[in-house]
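Here's the structure, in structure tokens; my notes come after.
All ligand and atom numbering here is 1-based and tracks the order in the structure.
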Amino acid sequence: MTLVGGVQEVRVVPVPLRRLDSLLPPDRVERLDHHVVAARRMLARRTVWNINSTARGGGVAEMLHGLVAYAAGTGIDIRWLVVAGDPDFFAVTKLIHNRVHGVAGSSGALDAAARATYDATLARQAQEIVDLVQPGDVVLLHDPQTAGLAAPLRSRGAWVVWRCHIGLDEHNAWTREAWGFLRDLVEPAHACVFSRAQFAPDWVDPAWLRVIPPSLDPFSPKNVDLADEEVRALVHRAGLVVEGGPLPVDGRVVLQVSRWDRLKDMAGVLDGFARHLADLPRDVHLVLAGPEATGVADDPEAAGVLAECRSLWHSLPAAARRRSHLVAVPMDDLDLNARTVNALQRWSTVVVQKSLAEGFGLTVTEPMWKNRPVVASAIGGIQDQIEHGVSGLLLDDPRDSAELAGALSSLLSDPDRCEAMGSAAHLRVRDHFLADRHLIQYVELFGQLLGEV
Ligand code: UDP
């Protein structure tokens, strides 16, 4: 539904939280119940608002679909708004995104002109949002795209939490520039949430800094169990492959799923695979899958990155081209998109996430839940998910393709190890990255905010 000034409301169908019970030990169910009672009491006459900049594509939208549905299922009044932006706004926010991750991204500067573009876009929508939000409501603003709403919403009398899903473990000149841009936008928020403590700039008040990692919904179309025939039908349907032959029917598959973002380094995976083809078993194919390039509103670099990957694919020797495939998953039907990614992850033997920066990486969590061994860069939130050698393999140097090839060939030659690692990965997600832990952390934060702890 579109409100007047471009703000959209995403309607989420409530889901009973009880659905999680079958996966949780009794003490976790009890602890969750206890927090639900507290949340209902605290939030009885309030609305909880989530505001971000896209309803589809990327980890934040993925997570909101699940969490908002579960929270609504407890009877809490929770709503989700999406701010609109023009290409200039998203060019600025992508620059912030890249620089928070420690790289230039492009030649632009986060200067007064960038700030004017940023402010103008949010100013057009702030009044509309302020009119919806009531004093005493709780507002969760997600990522840099919405930070500029903290001041008007605080003035409105709302409790404002800014949640940042991105970050770099160490700070450099680019991160300092980005945080310099964001500081006075973020400071009006009452509290800040980061996926890792290391991501927070030093000016965030430690008393109001929370570390809350993301979580995954086992029952969403992205993660629900699929029968083998459904996996095959989804993976082999026509129209998915944009470069390379049809996906293999017999061979084993190494997969990376990502948005077309340079920091996910899809090109680096393709290049590394091609360079070390001779070190990998002959039946192994590489599949790189991402959304259709125009599918994610706040991701303006996607078309360019996909084009770079396609041209790299064309430049490879024939033997590498025969065994590598670029897939663009349509985004017009979100359920089908999710089921397709789900099927690709279940169909793979090993999943890779060779990111150069990563706030958390649901694309690591998702295959781990599906009992897949994941080989991923030892950076950002990936390190909180994979215990090296137990629930996956971590790459010390994300730019070292020999290290990636070595990790892949060691796993591909040892199916028992793959299976053991996949089982450990599933348990790791069950124990740390499901919605109960996530919702409890929110309830604790709301308790602190509303003075009920
Ligand atoms: N994703 C998807 N379709 C695609 C590519 C990615 O649904 O074609 C999803 C992916 O399954 C995951 C999310 O987008 O749920 C990406 O989240 P992640 O935390 O890995 O990274 P982000 O994109 O937020 O940087």
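Using a cutoff of 4.0 Å between basic side-chain nitrogens and carboxylate oxygens, Arg310 and Glu308 are not scored as salt-bridged. With respect to Asp228 and Arg232, no salt bridge is recorded, no charged nitrogen being found less than 4.0 Å from a carboxylate O. By the 4.0 Å N-to-carboxylate-O rule, Lys354 lies too far from Asp271 to be salt-bridged with it. Ionic pairing of Asp169 and Arg196 is present here: one or more N-O contacts between side-chain nitrogen and carboxylate oxygen are shorter than 4.0 angstrom. One finds no salt bridge joining Asp397 and Arg399 here, because no Lys/Arg side-chain nitrogen approaches an Asp/Glu carboxylate oxygen to under 4.0 Å.
In this view, Glu230 and Leu226, Leu234, Arg339 satisfy the side chain to side chain contact (heavy atoms under 4.5 Å, CB included) rule, not counting sequence neighbours. For Pro415, the side chain to side chain contact (heavy atoms under 4.5 Å, CB included) test picks out no residue, with sequence neighbours left out.
Comparing Ile166, Asn337, Val329 by heavy-atom distance to atom 3 (N) of ligand 1, the nearest is Asn337. Relative to atom 16 (C) of ligand 1, the option among Gly359, Pro291, Gly59 with the closest non-hydrogen atom is Gly59.
When hydrogens are left out, the protein atom nearest atom 18 (P) of ligand 1 is Leu362 N, 3.4 Å; that is the closest non-hydrogen contact.
Applying the 4.0 Å criterion to heavy atoms of Val257 picks out, from ligand 1, the atoms 5 (C), 6 (C). Distances below 4.0 Å separate heavy atoms of Glu62 from the following atoms of ligand 1: 15 (O). Close approach of ligand 1 to Gly58 is summarised as follows: ligand atoms under 4.0 Å from at least one heavy atom of the residue are 13 (C), 14 (O), 16 (C), 17 (O), 23 (O), 24 (O).
Every N/O-N/O distance between Ala289 and ligand 1 stays at or above 3.5 Å. Of the N or O atoms in Lys222, one or more lie within a sub-3.5 Å distance of an N or O in ligand 1. Checked against a 3.5 angstrom limit, the closest N/O atoms of Arg259 and ligand 1 fall inside it.
Using a 4.0 angstrom heavy-atom cutoff, Gly361 counts as in contact with ligand 1. In this structure, Lys264 is part of the shell of residues with a heavy atom less than 4.0 angstrom from ligand 1. Distances shorter than 4.0 angstrom occur between a heavy atom of Gly290 and an atom of ligand 1.
Only the side chain of Glu366 comes within contact range of ligand 1, with a heavy atom under 4.0 Å; no backbone atom does. Heavy atoms of Val341 found under 4.0 angstrom from ligand 1 belong exclusively to the side chain.
Side chain to side chain, Thr365 and Gln385 meet the donor-acceptor criterion of an N or O pair below 3.5 Å. Side-chain N/O atoms of Trp80 and Asn52 include a donor and acceptor closer than 3.5 Å.
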